[in-house]
2 protein chains.
Amino acid sequence: MPNIKDVAKKAGVGIATVSRVINDSGYVKKETREKIEKVIKEISYVPNEIARSMTRQRNDIVAFILPNSTHLFFGELLYFVEEELYKYGYKVMICNSSEKIEKEIVYLDMLKNNRVDAVILLTNNDIDQYLDKKLPLLSFDRRFDGVPFVASDNYEGGVLAAKRLIEQGCKKMMFIGDDAQGDSTPVMTEVTKRRLGFLDYIKEKGYPEMINIEYPLGDYIHIPENIHKIINEHPEIDGIFTISDAVACDVIKELENNGRRVPEDVKVIGFDGGRSFLNLGKKITSIGQSPKLIAEAIRRSIINFYKKEEIENQIIPVYFQEGETA
Amino acid sequence: MPNIKDVAKKAGVGIATVSRVINDSGYVKKETREKIEKVIKEISYVPNEIARSMTRQRNDIVAFILPNSTHLFFGELLYFVEEELYKYGYKVMICNSSEKIEKEIVYLDMLKNNRVDAVILLTNNDIDQYLDKKLPLLSFDRRFDGVPFVASDNYEGGVLAAKRLIEQGCKKMMFIGDDAQGDSTPVMTEVTKRRLGFLDYIKEKGYPEMINIEYPLGDYIHIPENIHKIINEHPEIDGIFTISDAVACDVIKELENNGRRVPEDVKVIGFDGGRSFLNLGKKITSIGQSPKLIAEAIRRSIINFYKKEEIENQIIPVYFQEGETA
DNA sequence: GAAAAATGTGGAAACGGTTTTACATGTTTC
DNA sequence: GAAACATGTAAAACCGTTTCCACATTTTTC
């Protein structure tokens, strides 16, 4: 493959001149420029970005560590992040952790070696100690010490869900979700705030304290038996708010399998704002997060990384998404 | 950030020796090795992968150009490709083209500059002329001249669908899908074979020739009105095979909106084998592609790229996936 | 016990660019 | 006519590695 020297030799100029043409910097005579451009085409020279990034000390690559790009919301977020960063000349490296802390750690190491320009972190694991704070880290929906973050307004999401259920006449409400409270080192995730917003609003309005159910979601393979048990232990429940649409879906199926109608007998609200493509059934009522707004926020932070500016945490609004289950 | 020279100086050895320790190559005395390893830890040195890839002439990065990682099947394929390549030390760069040829071309250029080790191409656009055949290209479900490919056994998929519909007593069958036949430069995509397999089998069994409907899917935003029209113009149809589960979903919805029961009145078979997470309704009967097997095939080809071995095209089996719509 | 082989080490070139420095022209300006 | 400035080039230094080669030391072999 031809390099810059080949171009220079063939055009009869110095490599600096070629470099100036490529980078459109400094003074180059018009004829010289044209001659060089012609040679570049002729021998189909392409600058080696690897060599370039060595001296430039950046490579325009951003890594996104997330549990699973197959999960609908994460997948959409990934899509918008890629689209948004593309506009600004960045490429996105995808790192599926499958929620496994070991894979996250390996990736974090790899990325350090690769000198990526930024790492977007989406995890529920307690990896604080493995985070090299000198790395350009950015987290979504999670606070780590010294790491700027972007998050949905999860608390408000919980409030919106509670409001709706109460409006619809619910009296006994329940939250179903796993927000990593069971870990040996409990961390207050952003996601926990969904539950808190929900709880606070219900308390404020004088309704009976909700029942808080946590169960291990594991690797996004939901366990219907688990939900079955929960539902049957609490037949008085008439309103359910779940941690995600995926869980809501399992809950609704299980309710209907047990002869409880949704939304007539029990109302169910999910979280994420699922734009399901293959849904032949009811549309899930949900609290929506906007992957597009989140992606824009992430992009803003990453641009600021580059400018070495102070990076502010950003909270992105959520919205109530009408559906047929609450 | 410390570099290899800093390590060499601090350890009182030459950089070549440090390199040997890092890469575990050549001869190094045990004590020398230990001393160097100690220094590496002390100054927390990490090798710069960018510089490394310059001399190694490879960077262990594979790019995946695909229309949209949000599309369920593509998303799953991406997930498995990432997982599979991760095992072999590769990182995956994701490039959503949104089906836009311009974005594909820009990405192809970018990737050439970045000297990625391989480019996985998943596209329906006619980009043959823009493909630099010197690049380590690999395509999925699409044949380009001189580019090795991996594809599902699409023809067999069509056959399986036809078989099932006939078994279920269908007499008038229809194919719905857009396989880029309308383009100015018609290309025979792998996907077209789904239709051909379907058609051939129906003909062979002496059933009336199926009606072949093509409509523009556009950017994966399906147009219900379009489907509405198709369905009402052909009320005699009792069996439908669609290009994907996503289209099948739209078709089923539209059929039911028009008072035709699925599968009682019309049977519908999709393609992809949709593992929908948020589906509260019927499970779509489908011809399944295995993203895992495909990912493994892709990985095999990529490994062979590296070994400079001849790369064979690979056809991956499809399977019938039982559902509730046919 | 000398030659041959194995082991151990460092300097320098190479990878393919960017940036800096030094210098050579040509054009104004006073 | 010399100083100041603009325009352009060549050569060298640098980025952080790997690799080749030369050389030194130790161990094995006959």
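In what follows, every heavy atom counts, from backbone to side chain, and hydrogens, waters and symmetry copies are set aside. Letters go in sequence order (proteins before strands), and every chain restarts at 1.
Atom NZ of A:Lys87 sits in a crowded spot, with more than 12 heavy atoms from other residues, nucleotides or ligands closer than 6.0 Å.
When the nearest nucleotides of DNA chain C are assigned to A:Ala51 and B:Arg33 by heavy-atom distance, the more 5′-ward of the two goes with B:Arg33.
Relative to the ring axis of A:Tyr86, A:Lys91 does not place its NZ or CZ within 45° and under 6.0 Å from the centre.
Phosphate contact (OP1/OP2 of C:dT9, side-chain N/O of B:Thr32, threshold under 4.0 Å): present. Contact annotation: B:Gln57 does not reach the phosphate of D:dT18 (side-chain N/O to OP1 or OP2, under 4.0 Å). Contact check, B:Asn3 against D:dG16: a side-chain N or O comes under 4.0 Å of OP1 or OP2.
For the pair A:Arg115/B:Glu49, no side-chain contact is recorded, criterion being any heavy-atom separation below 4.5 Å from C-beta on.
As a whole-Å value, the separation of A:Met54 CE from D:dC15 C1' is 4 Å. Separating the CG atom of A:Asn113 from the C1' atom of D:dG16 is a distance of 13 Å, rounded to the nearest angstrom. Here D:dG16 presents its C1' atom at 18 Å from CZ of A:Arg52, a figure rounded to the nearest Å. In this structure, B:Ile40 atom CD1 and D:dG16 atom P are separated by 16 Å, rounded to whole Å. Rounded to whole angstrom, the span from the CD1 atom of B:Ile4 across to the P atom of C:dA12 amounts to 16 Å. Protein atom CD1 of B:Ile50 is 16 Å distant from nucleotide atom P of C:dG16, rounded to whole Å. Between B:Arg56 atom CZ and D:dC20 atom C1' there is a gap of 18 Å when expressed in whole angstrom units. Atom P of nucleotide D:dG16 and atom CG of A:Asn59 are separated by 14 Å, given to the nearest angstrom.
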Donor-acceptor list for residues 3-26 of chain B side chains, cut-off 3.5 Å, not counting sequence neighbours:
unit_1, atom_1, unit_2, atom_2, d
B:Asn3, OD1, B:Lys5, N, 3.0
B:Asn3, OD1, B:Asp6, N, 3.0
B:Asp6, OD2, B:Asn3, N, 2.9
B:Ser19, OG, B:Asn23, ND2, 3.3
B:Asn23, OD1, B:Arg52, NH2, 2.5
B:Asn23, ND2, B:Ser19, O, 2.9
B:Asp24, OD1, B:Arg33, NH2, 3.2

So which protein N/O to nucleotides 26-29 of chain C N/O distances come out below 3.5 Å?
none

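For the pair B:Glu42 and B:Lys38, the salt-bridge criterion is met [side-chain N within less than 4.0 Å of a carboxylate O].
Within the nucleic acid shown, A:Ser53 has no heavy atom closer than 4.0 Å to any nucleic acid atom. Counting any heavy atom pair closer than 4.0 Å across all strands shown, A:Glu49 reaches no nucleic acid atom.
A donor-acceptor contact shorter than 3.5 Å is absent between the side chain of A:Ser98 and the backbone of A:Lys100.
In the model, B:Glu104 has a side-chain atom that pairs as donor or acceptor with a side-chain atom of B:Thr123 under 3.5 Å. Using a 3.5 Å distance cut-off with no hydrogens or angles, the side chains of A:Asn96 and B:Glu83 do not pair a donor with an acceptor.
A heavy atom closer than 4.0 Å to some atom of DNA chain D occurs in B:Ile15, B:Ala16, B:Ser19, B:Asn23, these being the qualifying members of residues 5-30 of chain B.
Checked options B:Val81, B:Leu111, B:Leu85; the residue passing with B:Val62 is B:Leu85 (criterion: side-chain contact (heavy atoms from CB on, under 4.5 Å)).
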